[in-house]
Amino acid sequence: MQKRRHNPNLAKIHRNYTVEEVSSLYAVYKGTVRAWIKAGLPVLNDKRPMLILGSDLAAFHKARKTKNKQTCKPGEMYCVKCHAPKEPDGNMVDYETVTEKIGNLVAICPDCYSTMNRRVSLAKLDQVRGKMNITLPLPLQHIVESNRPSVNSDLNRSMAT
Ligand SMILES: [Zn+2]
């Protein structure tokens, strides 16, 4: 599923918003707005219904947008719980087939022990591999081996910069 990017400029900074208004403004479910509140979006506590400052809303989404740019380097996977790219525990990673060309890397976060996922295309597996020890399902193993280009290490270096 594609992650929706929210435009921080949607909210007018001098206005207050209810959860309902925020949900229609950003075209998301009210549950999503509550998740934002849980994730640190400030609310005006003394008011019922809950009110959210437009300026807080804008700042929250601006911060998240920056955070989303934090991408994984080769050998890293993004831990949703830690909100950071991590090197998998023991560098042990399983590749799960999604389609013929696309799969999911599954590993354990070394810090919180939750499951991390990273969507990869099979053709680009070597670009994300880094130090990770990726276990492929048996039917795939010979395919990937024969597809691996001989200039592999040079390719990785140019991709990393
Ligand atoms: Zn974690």
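Order of listing sets the numbers, starting from 1, for every ligand and every atom in it.
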Same apolar cluster (I L V M F W Y, side chains within < 4.5 Å links), I108/M116: no
Linked, directly or transitively: M77 and V106 (ILVMFWY side chains, under 4.5 Å): no
Within the 6.0 Å centroid threshold, strictly below: H83 and Y78: no
2.8 Å cut-off (strict), protein N, O or S atoms about the Zn ion (ligand 1):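 That number is 4, waters not included.
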Student check: side-chain heavy atoms of P74 and R129 closer than 4.5 Å: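 With C-beta onward as the side chain, the pair stays apart.
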Distance, nearest 0.5 Å, that separates CD1 of I52 from CG of L57: 6.5 Å
Under-4.0 Å salt bridge between E76 and K86: no
